[in-house]
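See structure below.
Predicted model only: the values in this text are computed from it and were never measured. A note on names: the letters A, B, ... follow the listed sequences, proteins ahead of strands, and every chain is numbered from 1.
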Amino acid sequence: MPVSSAADGTPVWRRTTRRRALLAWFAWLMLVALVVAAWNEMTRDTIWAFVWDAPGQAADIGTRMLPPRWSYAGELLRPLWDTLAIATLGTLLALPIAVPVAVLAARNTTPSATLVRPLALLIIVASRSINSLIWALLLVTVLGPGVLAGIVAIALRSVGFMGKLIYEAIEEIDPAPVEAMQATGASALQVMDYGIVPQVMPAFAGITVFRWDINIRESAVVGLVGAGGIGLSLEASLNTLAWSQVSLILLVILATVLVSEWVSAKVRHAII
Amino acid sequence: MLRIEGLQKQYRTGDAALRGVDLVVPAGEVIGLIGPSGAGKSTLIRCVNRLVEPTAGRIFLGDDEVTGASRRALRRLRRRMGMIFQEFALVERLTVMENVLAGRLGAVPFWRSLTRRFPPEDVRNAFATLDRVGLLDHVDKRADALSGGQRQRVGIARALLQDPDLLLIDEPTASLDPKTSRQIMRLIGEVCAERRLAAVVNIHDVALAQMFLGRIVGLKAGEVVYDGPSAGLDATVLTRIYGEEDWTRTARSADGEPDDAAPAAPAPAPRLLRAAAE
Amino acid sequence: MAVATSYPDRWRRPPFVARAWLRWVLYGGAVLYLVVAVGSVEVNWARLAEGLQRGARLLAGFMTPDFSSRWGDIVQGMRESLTMTVTSTVAGILLAIPVGIGAARNLAPLPVYLVCRAVVALSRTFHEVIVAILFVAMVGFGPFAGFLTLTVATIGFIAKLLAEDIEDIDPGPVEAIRATGGSWLQLVDWAVRPQVMPRLIGLSLYRLDINFRESAVVGIVGAGGIGATLNTALDRYEYGSAAAILILIIAVVMAAEYGSGLVRRRIQ
């Protein structure tokens with residue numbers, strides 16, 4: 001805490017030294033300059049007339065959206081079923097990949113911290129860096145449009161997410177029971193089964209349900225790039241500018257998300 | 001039963017935890033290992049089943065050498081050594097029965113332990129052992145639903161289910177209140193006598209050690225500085241182990257009334273306390 | 001010593017769901033759903049066989065990423081993504097702070113609390129891509145729609161976590177400042193800000209990461225950024241360029257994660 005003396009000798013208290021204050025101001029200035037530069041660069045090609053017209057556009061779309069075309073609901077049942085299947089099967093498909101990767105990535109269970117662990121971490125990072133929708137984009141070109149591409153896309157994105165959280169849970173376990181199992185002469189697999197699995201189980205179940213909840217939201221949009229589910233209907237309705245169908249689809253997605261959130265909260269509560 | 005020759009342990013940090021320990025524990029004898037914190041008690045006990053890898057020296061269980069044993073042979077040797085832990089080291093989310101059956105892990109194939117289908121005699125033994133430690137009513141409870149004393153009884157049952165020749169007991173009472181500590185120490189003494197088990201008990205409570213254990217080994221800075229009957233623990237010996245302190249009261253309790261529920265209190269007080277507790 | 005013969009020699013672990021009928025309904029229902037769900041997945045095997053070749057070409061593209069032939073487009077896409085990320089993060093945080101304070105029950109009066117909570121819930125309801133579609137419809141194609149989308153998402157994210165943080169603060173300093181007779185603004189400045197600032201900075205950096213990742217996605221629906229470039233490359237079957245773009249995305253995300261990790265460690 002810098003306390004200096006003023007010219008007449010009375011002590012002056014400041015929160016920071018002048019040098020640090022200057023540095024802080026400079027950092028803020030740089031940040032502002034960066035934002036302004038980014039803003040100018042970003043809006044270089046923006047047609048401002050459109051932007052100023054946005055409220056009018058919004059009102060226009062709003063009136064076209066209302067009322068939702070309820071009769072369209074029957075055609076949404078199958079896409080809705082597909083959306084749930086994409087989320088659920090995608091999550092389940094990710095599990096058998098995420099768990100071994102997590103075991104290899106956790107410091108206390110990895111067979112080799114210098115060779116295997118970085119590889120496992122790389123898989124996790126690569127999977128996490130790429131959004132479900134981009135995975136879907138890739139898989140649609142490879143596997144063709146449809147639910148299968150959606151399932152695989154969701155699974156590939158979930159591997160990194162769940163792998164990361166699971167390996168962190170494994171690293172946080174209490175080492176004492178593990179030691180106790182080793183002391184009985186148990187094999188490595190048995191130590192895993194009795195010492196580690198029961199400790200990780202609640203976190204594991206919570207992570208799975210949490211990711212399933214997220215995947216419901218994601219599986220509703222992978223259809224936009226052709227990977228099946230209700231996103232396909234959304235894409236079709238948007239292309240024909242059928243805004244009253246769009247609003248109905250958005251309502252259905254909203255309801256699904258709310259229900260899945262409720263389910264996952266219930267399940268997590270039951271486990272812990 | 002257990003023979004330790006010139007055991008040394010140096011941690012990677014350079015700290016020498018053990019500097020040439022020699023120790024023989026015959027079959028059926030229970031010894032107490034005392035010494036200040038950091039003297040190497042825990043390291044010594046963990047070197048015996050090689051949860052901590054010794055730096056030098058040899059360890060024999062019966063006629064078999066523990067040091068230098070291959071992974072597979074080590075697992076087989078570990079089956080013959082039951083271990084009891086300070087914080088119980090139970091798997092909290094498993095049932096009491098699973099925790100006890102875990103003592104058989106070294107003896108059953110993986111699929112049996114995975115499906116929890118242990119051989120009938122193991123299950124029968126587990127029930128009998130749980131009855132012996134007084135937990136027959138808690139078989140299906142989860143371990144985290146038990147009290148501290150009950151958890152340590154599960155820990156004892158788990159070690160006994162291994163049908164070991166030797167028990168390695170690391171601070172069994174450090175997490176327990178004085179009354180429960182006595183019950184646990186009594187139980188350990190009784191089961192060792194019933195099964196003629198050798199045991200090494202790490203313990204930092206000198207009065208408790210004197211009360212329940214016949215032979216005491218004193219460890220200081222990784223070296224054995226006392227090995228003899230617990231009655232021989234007088235002020236001089238305690239000073240040698242722990243350093244300068246007023247030991248008169250602790251040492252006297254060795255031949256007098258062995259109860260330190262209130263070690264500083266005058267003689268009648270402990271009886272009153274005991275009456276209140278019962 | 002107890003007599004061994006009187007003990008049972010079988011033991012079953014108590015089931016997770018105690019009531020037998022409920023257990024069977026739950027397990028049976030789960031299995032039934034899975035079977036039907038798997039059965040409902042339509043697989044076009046002919047297309048799949050063809051896809052394997054494409055998959056091989058995509059993998060080959062990753063082995064030999066082609067940075068040069070679409071370099072101009074890639075630079076343009078990256079520029080849009082990065083500027084969008086920076087501006088939307090800053091704008092989102094600036095807007096999220098008042099909303100977050102308003103959504104903390106221990107600082108805001110009930111009407112304000114309800115309004116702010118509603119704002120948070122609204123901005124978190126829909127996936128970024130859906131929000132981006134609506135914004136594209138309103139302001140036209142280009143990074144400005146992406147900027148608006150990410151700003152909305154940032155507001156919901158930061159405001160929610162900030163509000164939870166504020167509700168969790170130690171009430172001691174708050175009472176102390178109240179006791180000195182400080183105004184509400186002084187209260188926020190002296191009692192709340194010091195307690196939540198480190199985490200707010202951490203969250204902001206984390207959101208910067210997320211916004212970059214999302215900026216790669218909103219382009220798919222026309223809201224600008226590297227996602228649009230990637231979409232075009234894949235549409236034209238230019239797998240080398242697509243691989244190059246993906247590699248760049250992963251590299252930027254890893255660099256951002258590493259950088260924000262460094263900054264966060266210095267702050268905490």
Side-chain angles (χ1 to χ4, degrees), chain A residues 95-96 99-100 102-104 106-114 116-117 165-210 267-272, chain B residues 42 45-46 48-52 69 71-95 98-116 142-144 154-155 158-164 167-170 175:
Chain A
L95 279 180
V99 169
V103 170
L104 297 180
R107 268 198 199 85
N108 47 352
T109 51
T110 186
S112 155
T114 48
V116 182
R117 185 162 187 268
L165 293 178
I166 295 172
Y167 99 72
E168 284 169 354
I170 295 177
E171 285 186 348
E172 276 167 20
I173 61 166
D174 175 8
V178 177
E179 204 180 32
M181 294 305 124
Q182 285 167 345
T184 66
S187 67
L189 276 179
Q190 287 172 322
V191 171
M192 186 94 74
D193 179 20
Y194 278 68
I196 297 174
V197 171
Q199 292 197 61
V200 178
M201 211 54 198
F204 171 76
I207 291 162
T208 308
V209 177
F210 182 34
V267 172
R268 267 182 283 174
H269 197 76
I271 296 164
I272 304 158
Chain B
S42 249
I45 233 171
R46 281 176 165 72
V48 172
N49 60 6
R50 281 175 56 195
L51 285 178
V52 169
R71 263 178 118 91
R72 182 175 286 267
L74 176 64
R75 279 182 48 208
R76 202 161 293 148
L77 284 165
R78 278 178 175 170
R79 283 184 221 165
R80 292 164 53 197
M81 300 184 269
M83 192 159 184
I84 297 170
F85 295 80
Q86 172 179 350
E87 305 274 2
F88 325 125
L90 301 183
V91 186
E92 303 220 319
R93 295 184 57 88
L94 294 184
T95 57
E98 283 168 294
N99 270 290
V100 174
L101 285 171
R104 300 303 299 165
L105 284 183
V108 302
F110 177 66
W111 67 269
R112 271 191 185 276
S113 63
L114 182 71
T115 56
R116 311 303 198 246
R142 252 168 58 167
D144 53 8
V154 177
R158 175 173 66 191
L160 288 179
L161 207 67
Q162 283 181 240
D163 194 17
L167 285 181
L168 303 169
I169 308 178
D170 189 21
S175 312

Could you tell me which residues satisfy side chain to side chain donor-acceptor pair (under 3.5 Å) with A:E168, sequence neighbours excluded, listed by chain and number?
A:K164
Write down the atom of B:A89, the atom of A:A180, and the distance for their closest heavy-atom approach.
O-CB, 3.6 Å
Give the minimum heavy-atom separation between B:F85 and A:A183, together with the two atoms involved.
CZ-CB, 4.4 Å
Excluding sequence neighbours, so at least two apart, what forms ring pair (Phe, Tyr, Trp, His ring centres under 6.0 Å) with A:F204?
none
Portion of B:F110 that has a non-hydrogen atom of chain A nearer than 4.5 angstrom:
both
So what's closer than 4.5 Å to chain A heavy atoms on B:L90: side chain, backbone, both or neither?
backbone
Heavy-atom proximity to chain A below 4.5 Å, by part of B:M83
side chain
Using atom types as modelled and no hydrogens or angles, find all donor-acceptor pairs between chain A and chain B shorter than 3.5 Å.
{"unit_1": "A:E179", "atom_1": "OE1", "unit_2": "B:R46", "atom_2": "NH2", "d": "3.0"}
{"unit_1": "A:E179", "atom_1": "OE2", "unit_2": "B:R46", "atom_2": "NE", "d": "2.9"}
{"unit_1": "A:Q182", "atom_1": "O", "unit_2": "B:R78", "atom_2": "NH1", "d": "3.3"}
{"unit_1": "A:G185", "atom_1": "O", "unit_2": "B:R75", "atom_2": "NE", "d": "3.0"}
{"unit_1": "A:Q190", "atom_1": "NE2", "unit_2": "B:L105", "atom_2": "O", "d": "3.0"}
{"unit_1": "A:Q190", "atom_1": "NE2", "unit_2": "B:V108", "atom_2": "O", "d": "3.0"}
{"unit_1": "A:Q190", "atom_1": "NE2", "unit_2": "B:S113", "atom_2": "OG", "d": "3.4"}
{"unit_1": "A:D193", "atom_1": "OD2", "unit_2": "B:R116", "atom_2": "NH1", "d": "3.3"}
{"unit_1": "A:Y194", "atom_1": "OH", "unit_2": "B:S113", "atom_2": "O", "d": "2.9"}

Restricting to non-hydrogen atoms, name the atom on A:G195 and the atom on B:V91 that form the minimum distance, rounded to 0.1 Å.
CA-CG2, 4.5 Å
Taking only residues two or more places apart in sequence, or in another chain, which ones meet B:A73 in a side chain to side chain contact (heavy atoms under 4.5 Å, CB included)?
B:A69, B:S70
